[in-house]
Amino acid sequence: MIERIAIVGAGLIGASIAHAARESGAAKSIALYDADAGVRARARALSLGDVFDDAAAAVTDADLILFCVPVGAMAEAAKAAAPGMKAGAIVSDVGSVKQAVADAVAPLLPEHAVFVPGHPIAGTERSGPDAGFASLFKGRWHILTPLGDSEAEKNAVATLATFWETLGARIDVMTPARHDVVLAVTSHLPHLIAFNIVAMAEDLESVTESEVVKYSASGFRDFTRIAASDPTMWRDVFLNNREAVLEVLGRFSEDLAALQRAIRWGEGDTLYDLFDRARRMRREVIEAGQDTAAPNFGRDTGGEES
Ligand code: NAP
């Protein structure tokens, strides 16, 4: 058990950590800070922990400090909290991009703090403190991306691993660069595609918006859930994982062009083989416990087509 954690940024992820840490007993006490006075008021109303009006004051006695702000706000948050950090404090974050956060935050921290970036592969399309819930990290991966292999960093990785495991997560360790490429494929590109499809459907003149909404069960609805994610968070993800996203986007565009060609020339075998490969990947995701095998993601659709 950690004596005291400080959470900087009390939105979906910060509030979920507070709930989960209390429920699991992972931390004896919880301090919180958020730049937004309205969010601080909600964090107090929800009894998430001791809410401070100042970042440095919030982290003063903390053994573990977690930055839970958008990727583009990490440096500003670190700068504000750094003067309050005690010797030996472990500092981590939950940002969806790792190399840019590591580069921006590491130089701003005092030498007596130990920084190990991290990313919980868990979330929803909602944001803000009211969206937080204790079971968010249960059965989900938490990726730690240590920047070196000093004794202090190894100890911090072990402490962070125990903390996140107590919250219900499973731990993986990799370099920040590796993380950014993997997540560009599994998360960033799918979000970009969802944002694009949903915005395109809204723009299409030949289909009225009411028809798009009315028939949304036919595949479109699942894209709208992903596309409902926080615009600030996702703007920051794409601005800060530019290279990896452009790399996989290039590959995606080439493959899409090949699909377009196969449709144009009636190459049924090409289409079938690709769809079959994709279907097998879905089975692997279910076998790995990352989703339910229930039809329509377990939704009760009242017999609706999907
Ligand atoms: P969120 O619900 O919008 O919460 C972020 C909070 O941080 C907001 O209350 C925001 O206030 C506050 N904030 C912004 N700048 C700040 C600063 N300089 N100091 C202190 N507080 C500040 O976002 P979230 O979904 O929890 O995401 C937080 C982080 O987790 C992001 O880095 C994201 O990439 C990562 N993440 C998100 C998910 C997900 O599914 N949502 C999953 C894994 C990781 P304002 O709203 O007033 O700006």
Side-chain angles (χ1 to χ4, degrees), residues 6-20 31-46 48-49 51-59 65-84 91-102 104-105 108 117-133 135-138 140-145 164 167 169 172 176 179-180 182-184 186-188 190-191 194-195 225-241 245 290:
I7 296 167
V8 178
L12 165 71
I13 302 290
S16 296
I17 295 173
H19 285 300
L32 293 114
Y33 169 74
D34 195 286
D36 186 322
V39 171
R40 295 200 295 273
R42 281 308 297 155
R44 286 191 181 100
L46 293 164
L48 294 180
V51 181
F52 289 78
D53 293 328
D54 177 82
V59 306
I65 298 152
L66 293 161
F67 288 107
C68 305
V69 301
V71 167
M74 289 286 178
E76 188 192 328
K79 205 183 274 177
V91 180
S92 191
D93 74 299
V94 297
S96 305
V97 177
K98 295 279 50 93
Q99 191 66 63
V101 169
V105 170
L108 301 171
H119 178 204
I121 312 301
T124 75
E125 65 281 15
R126 300 184 60 212
S127 45
D130 289 281
F133 57 99
S135 60
L136 178 63
F137 310 108
K138 287 218 168 96
R140 299 282 154 217
W141 287 103
H142 185 82
I143 300 178
L144 292 169
T145 62
W164 283 98
L167 267 45
D172 219 345
H179 166 279
D180 289 353
V182 171
L183 268 290
T186 60
S187 170
H188 305 171
H191 275 84
F195 288 129
R225 186 192 64 75
I226 299 172
S229 301
D230 189 68
T232 303
M233 168 184 161
W234 284 99
R235 178 202 61 197
D236 287 3
V237 166
F238 292 113
L239 293 181
N240 288 280
N241 197 20
V245 168
Q290 294 297 302

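Whatever order the structure lists them in is the order used to number ligands and atoms, beginning at 1. Hydrogens, waters and symmetry mates play no part in the numbers below; they use all other heavy atoms, side chains included. Everything quoted here is computed from the prediction, not taken from an experiment.
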*State, to 0.1 Å, how close Leu12 and Ser16 come at their nearest heavy-atom pair, and which atoms those are.*
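Of all heavy-atom pairs spanning Leu12 and Ser16, the closest is O-OG, 2.7 Å.
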
*Distance, nearest 0.5 Å, that separates CG of Leu167 from NE2 of His142*: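 If we round to the nearest 0.5 Å, Leu167:CG and His142:NE2 are 9.5 Å apart.
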
*Hey, what do you get for CG (Asn241) to CG (Asp236), rounding to the nearest 0.5 Å?*
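With rounding to 0.5 Å, CG (Asn241) is 12.0 Å from CG (Asp236).
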
_Using a 4.0 Å cut-off on heavy atoms, what residues surround ligand 1? Order them by chain and number._
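Contacting ligand 1 under 4.0 Å are Val8, Gly9, Gly11, Leu12, Ile13, Tyr33, Asp34, Ala35, Asp36, Val39, Cys68, Val69, Pro70, Val71, Ala73, Met74, Glu76, Ala77, Val94, Gly95, Ser96, His119, Pro120, Ala122, Gly123, Thr124, Ser127, Gly128, Met233.
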
*Who passes side chain to side chain donor-acceptor pair (under 3.5 Å) against Asp180, sequence neighbours left out?*
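Here no residue qualifies.
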
_Qualifying residues under side chain to side chain donor-acceptor pair (under 3.5 Å), relative to Asp54, sequence neighbours excluded_ =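 Expected list: none.
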
*asked:* Could you work out, with salt bridge (Lys or Arg N to Asp or Glu O under 4.0 Å) as the rule, every residue matching Arg235, not counting sequence neighbours?
replied: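 Here no residue qualifies.
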
